[in-house]
Amino acid sequence: MTTPFYVAPEQLMKDRADYARKGIARGRSLVALSYDNGILIVAENRSNTLRKVSEIYDRIAFGGVGKYNEFDQLRIAGVRHADLKGYAYSREDVDAQSLANQYAQILGQTFTHEMKPMEVEILVAEIGEGPEHDQMFHIRYDGTVDDETAHVVLGGEAEAISERVAAAYEPGLSLEAALNAAVNALAGPEGTLRAPDLEVAVLARGNGRRSFSRIEGDELAALLG
Amino acid sequence: MSLPLYDPSNDPGPSFVGLLRRAGLEMAVPTENVSDRLPVTHGTTVLAIRSNSGVVMAGDRRATSGNLISHRHIEKVFPADRHSGIAIAGAAGPAVEMVKLFQLQLEHYEKVEGNALSLEGKANQLGQMIRNHLGMAMQGLAVVPLFAGYDHRREQGRLFQYDITGGRYEEHNHASTGSGSLHAGQVLKLGWTPDMTAEAAIDLAMSALEQAADSDSATGGPDLVRRIFPIVATIDADGFTALEDDDVEDRFQAILQERTEQTQ
């Protein structure tokens with residue numbers, strides 16, 4: 001057996017982080033922002049079947065960017081976690097924060113102990129009684145968690161897109177205004193994005209028990225104007 | 001509660017029951033007949049009728065333990081998801097648990113897979129759950145539900161009856177189960193007409209329950225003193241809608257009025 005070369009831990013972590021960031025940057029980005037009636041999630045996604053945004057529970061939605069099979073596995077684990085918790089305790093005991101912590105544990109664990117880190121970034125969004133109680137958790141490939149209440153961007157060009165969202169954002173935007181702000185931020189100053197390039201969903205207050213719904217087809221085209 | 005991640009070879013897929021089994025949360029089967037030793041609460045009469053726009057489901061509110069009335073306002077008709085409903089008769093505890101599991105199973109499937117099950121698929125799922133319950137049924141905890149829903153592919157209402165082994169029988173016109181089903185079933189058989197409207201089916205469901213309560217001590221009739229009335233729900237292309245109590249009360253008053261005139 002040959003002796004492995006010594007690699008400094010700093011170097012090892014940096015290499016892994018670079019690897020994960022490169023993987024994530026290959027995919028397209030996702031924007032979530034709070035509007036007057038809930039949370040809007042917009043992803044650039046040309047596929048109609050491979051979803052980046054999905055329902056986790058009554059008031060909780062999931063968003064993922066990066067490698068599809070990796071974030072989809074996490075999405076399913078999230079649905080299972082939420083449904084099991086709601087079954088064992090009660091529906092109101094299921095919350096985004098505990099799920100975000102679970103994701104952070106798994107991503108952090110994988111980042112330090114496995115052969116390769118997961119090339120994903122995850123969004124866990126939950127609507128509250130009013131906009132002041134909306135929560136958005138952004139979990140990165142290394143298990144870092146940020147919580148936001150207004151807007152969050154996931155993906156490779158997050159910084160540039162984030163600046164554009166922040167410039168257009170103000171509290172209490174209508175759905176149409178929020179959607180156009182998100183789409184313009186994703187497209188950038190030169191680009192345009194049309195309905196078939198987008199995957200849009202909302203967590204809306206007053207939508208019944210299951211607040212998640214998708215905005216597709218004619219409805220989406222009409223909102224984009 | 002940790003994040004449930006499984007190896008691909010051991011993955012429960014979209015099955016919530018399979019997930020419960022892996023998480024060790026499955027209900028244990030008793031080794032002896034429970035009803036010999038302890039009083040078991042039973043739910044009684046429920047029924048479903050096919051109308052020209054979908055299905056009407058209804059159930060009385062009484063639960064009995066032996067010869068005692070143990071609850072006067074339990075619910076036996078539930079939405080299973082947006083376009084289907086489940087009504088239960090039999091041992092009330094396991095039946096309510098089965099409803100909860102079935103509702104979760106349908107929602108869980110829809111979220112994991114991204115598409116809802118077909119109505120046929122839902123009916124088969126319930127059959128499997130009843131079959132898995134056979135061990136409990138043999139210990140005196142039998143559950144016999146009715147399942148009904150609106151089939152978007154066929155654009156019509158459909159209803160399914162089950163036996164305790166999980167045998168699934170599709171009924172074309174009407175179905176009833178529980179202790180008062182004999183009496184309720186007769187009323188349905190005589191009153192059902194092809195192409196009947198949801199309105200007519202609601203009235204037929206109510207008079208069937210009223211007749212069952214009149215002849216079967218375990219079926220609760222309309223309770224005018226406490227203002228407790230059977231639960232009646234319609235399922236059509238727009239989904240599951242339970243009738244308001246006031247509406248049900250008015251309809252019962254009309255039926256009782258008619259009955260009073262007949263007997264005097």
Side-chain angles (χ1 to χ4, degrees), chain A residues 47-58 60-62 68-70 72-91 93-95 98-110 114 118 122 124 139 143 199 201 207-210 212-214 216, chain B residues 1-28 78-85 93-94 96-117 125 129 132 233 235 238-242:
Chain A
S47 168
N48 266 329
T49 44
L50 305 175
R51 303 288 197 184
K52 291 182 171 179
V53 185
S54 344
E55 174 185 18
I56 292 267
Y57 210 63
D58 297 351
I60 306 176
F62 173 96
Y68 176 78
N69 68 324
E70 292 181 347
D72 197 57
Q73 187 197 9
L74 292 173
R75 173 187 73 84
I76 292 174
V79 171
R80 287 179 179 155
H81 172 82
D83 277 347
L84 274 178
K85 197 170 174 190
Y87 172 77
Y89 304 110
S90 95
R91 296 199 83 92
D93 295 315
V94 180
D95 63 329
S98 107
L99 185 60
N101 287 337
Q102 293 290 340
Y103 281 144
Q105 292 293 332
I106 293 290
L107 288 169
Q109 182 86 2
T110 312
E114 299 289 326
M118 287 199 192
I122 301 295
V124 182
I139 306 120
E199 181 183 349
N207 216 359
R209 176 172 68 78
R210 292 169 74 175
F212 181 89
S213 63
R214 295 187 187 279
E216 298 170 306
Chain B
M1 205 173 259
S2 65
L3 204 62
L5 285 163
Y6 298 96
D7 285 340
S9 59
N10 189 37
D11 195 280
S15 162
F16 187 71
V17 178
L19 178 63
L20 278 185
R21 200 170 295 145
R22 280 166 186 73
L25 288 169
E26 214 182 12
M27 209 196 271
F78 303 87
D81 64 0
R82 288 187 200 96
H83 290 100
S84 64
V96 171
E97 176 69 16
M98 187 179 285
V99 169
K100 189 177 160 190
L101 263 182
F102 185 57
Q103 290 169 329
L104 268 170
Q105 169 67 31
L106 300 187
E107 191 183 318
H108 189 74
Y109 181 97
E110 187 186 328
K111 288 191 289 194
V112 170
E113 293 286 300
N115 303 305
L117 272 169
Q125 269 289 314
M129 290 177 77
N132 290 340
I235 307 166
D238 297 330
F240 182 102
T241 325

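Hydrogens, waters and symmetry mates are skipped; everything else that's a heavy atom, side chains included, is used. Keep in mind that this is a model prediction, so the values were computed, not measured. Within every chain, numbering begins at 1; the chains are lettered A, B, ... in the order of the sequence lines, protein sequences first and strands thereafter.
In this structure, chain B has a heavy atom under 4.5 Å from the backbone of A:Ile56, while its side chain stays farther away. Neither the backbone nor the side chain of B:Arg22 has a heavy atom closer than 4.5 Å to any heavy atom of chain A. Proximity to chain B (any heavy atom under 4.5 Å) is shown, for A:Arg51, by neither the backbone nor the side chain. Neither the backbone nor the side chain of A:Phe62 comes within contact range of chain B, judged by heavy atoms closer than 4.5 Å. Contact annotation for A:Ala88: only side-chain heavy atoms (C-beta onward) come within less than 4.5 Å of a heavy atom of chain B. At a 4.5 Å heavy-atom cutoff, B:Gln105 makes no contact with chain A through either its backbone or its side chain. In this structure, chain B has a heavy atom under 4.5 Å from the side chain of A:Ile76, while its backbone stays farther away. Looking at A:Arg214, there are no atoms closer than 4.5 Å to chain B (heavy atoms on both sides), in backbone or side chain.
Using a distance-only test at 3.5 Å, with no hydrogens or angles considered, a donor-acceptor pair links the side chain of A:Thr110 to the main chain of A:Ile106.
To the nearest 0.5 Å, the span separating CZ on A:Arg75 from NZ on B:Lys111 amounts to 10.5 Å.
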Worksheet entry | Full working for side chain to side chain contact (heavy atoms under 4.5 Å, CB included) between A:Leu84 and B:Leu20 | CA-CA 7 Å; A:Leu84 274 178; B:Leu20 278 185; 3.6 Å; yes

Worksheet entry | Intermediate values then yes/no, side chain to side chain contact (heavy atoms under 4.5 Å, CB included), B:Arg21 and B:Asn132 | CA-CA 12 Å; B:Arg21 200 170 295 145; B:Asn132 290 340; 4.1 Å; yes

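The only option from A:Asp58, A:Ile60, A:Val53 that meets the side chain to side chain contact (heavy atoms under 4.5 Å, CB included) definition with A:Phe212 turns out to be A:Val53.
Side-chain N/O atoms of A:Lys85 and A:Ser98 include a donor and acceptor closer than 3.5 Å.
Of the listed residues B:Pro14, B:Pro12, B:Gly114, the one with more heavy-atom pairs under 4.5 angstrom with chain A than any other is B:Pro12.
Note: B:Phe16 and A:Tyr87 meet the aromatic proximity criterion, with ring centroids under 6.0 Å apart.
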